[in-house]
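Report on the structure given below.
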Amino acid sequence: MTFDIQQKTQGSKILTSHNISLDNKASDKFQAIKMAGELLYSQGYVEKEYIEAMVEREKDITTYIGNGVAIPHGIGASKRYIKRSGITILQFPEGVPFGDETAYLVVGIAGINDEHIDILSNLATLMMEKEEEFKGLWNTKDKESIFELFTAGTF
């Protein structure tokens, strides 16, 4: 099943340019995750409690998925704090340690029902198909280039 990130879910888009934040700095992965969660919250995708659920999820198992990308999200009971599906993308040009790895893009995910599975699947496919383009996003000053890569094709 393909999941169009530009599709509307409950009357709004999953990703807009307002959900992208460039040139961030974080001292550790938990600060970066909280920043991604705060952006999900400020854009109306989740209730404030979802942010802590994202942090708790990271304590159980890392959300770093490779190629400089981490995908923090809540699971289980935290789903009740999601108002509508959406993603946020935060760029960290200096990187953020995620265990032995370094994330340069932190993609916060909130998915109603099982929509998060489709979002994660399509993100993984996009990363494999466009690995070099992803690396170019680590230092870009152009929010639009991030938006275009994430919304190109069927993702």
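In this structure a side-chain-to-backbone donor-acceptor pair under 3.5 Å is present from Gln91 to Asp23. Checked by atom type and distance alone, the side chain of Gln31 pairs as donor or acceptor with a backbone atom of Ser27 at under 3.5 Å.
Residue Lys34 qualifies as open at atom NZ: its count of foreign heavy atoms under 6.0 Å is 12 or below. Within a 6.0 Å radius of CG in Asp60, other residues, nucleotides and ligands contribute more than 12 heavy atoms. Counting non-hydrogen atoms of neighbouring residues, nucleotides and ligands closer than 6.0 angstrom, the OH atom of Tyr50 exceeds 12 such neighbours.
Scanning for salt bridge (Lys or Arg N to Asp or Glu O under 4.0 Å) contacts around Glu52 gives an empty result, with sequence neighbours left out.
In this structure, OG1 in Thr151 is found 7.5 Å from CD in Glu144, a value given to the nearest 0.5 Å. Here CG of Leu149 is found 6.5 Å from CD of Glu133. Values are rounded to the nearest 0.5 Å. How far CD1 of Ile20 is from OG of Ser145: 8.5 Å, rounded to the nearest 0.5 Å. A distance of 10.5 Å separates CD in Glu129 from CZ in Phe134, rounded to the nearest 0.5 Å. To the nearest 0.5 angstrom, Met35 atom CE is 4.0 Å from Asn24 atom CG. Annotation: the span from Arg57 atom CZ to Ile33 atom CD1 amounts to 9.5 Å, rounded to 0.5 Å.
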Hey, mind stepping through Asn139 and Tyr104 against side chain to side chain contact (heavy atoms under 4.5 Å, CB included) and telling me if it holds?
CA-CA 8 Å; Asn139 294 299; Tyr104 298 93; over 6 Å; no

Starting from the C-alpha separation in whole Å, work towards a yes-or-no answer on side chain to side chain contact (heavy atoms under 4.5 Å, CB included) for Leu22 and Ile146.
CA-CA 10 Å; Leu22 302 179; Ile146 293 176; 3.4 Å; yes

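Taking the side chain as every heavy atom from C-beta outward, Thr88 and Val107 never approach each other to under 4.5 Å. Considering only heavy atoms from C-beta on, Val106 comes within 4.5 Å of Pro72 through its side chain. The shortest side-chain heavy-atom distance between Val96 and Thr102 does not fall under the 4.5 Å cut-off. Side chains of Phe30 and Lys59 form a contact here, defined as non-hydrogen atoms less than 4.5 Å apart. The shortest distance between side-chain heavy atoms of Ile109 and Met54 does not fall below 4.5 Å. Put simply, the side chain of Ile71 reaches to within 4.5 Å of the side chain of Val69, judged on heavy atoms. In this structure, Leu90 and Leu105 have side chains that are not in contact, with every pair of non-hydrogen atoms separated by 4.5 Å or more. By the 4.5 Å heavy-atom criterion applied to side chains, Ser21 and Ile89 are not counted as neighbours.
The minimum heavy-atom distance between Gly37 and Val46, with the atom names listed, is O-CG2, 4.3 Å. In this structure, Ile112 and Ser85 approach most closely via the heavy-atom pair N-OG, 2.8 Å.
At a cut-off of 3.5 Å, with distance as the only test, no side-chain donor of Glu38 or Ser42 sits close to an acceptor on the other residue. Between the side chains of Asn19 and Tyr45, at least one donor-acceptor pair of N or O atoms lies under 3.5 Å.
Using a cutoff of 4.0 Å between basic side-chain nitrogens and carboxylate oxygens, Lys83 and Glu47 are not scored as salt-bridged. A salt bridge links Lys135 with Glu131: the closest approach of a Lys/Arg side-chain nitrogen to an acidic carboxylate oxygen falls below 4.0 angstrom.
Ring centers of Phe98 and Phe92: at least 6.0 Å apart, outside the cut-off.
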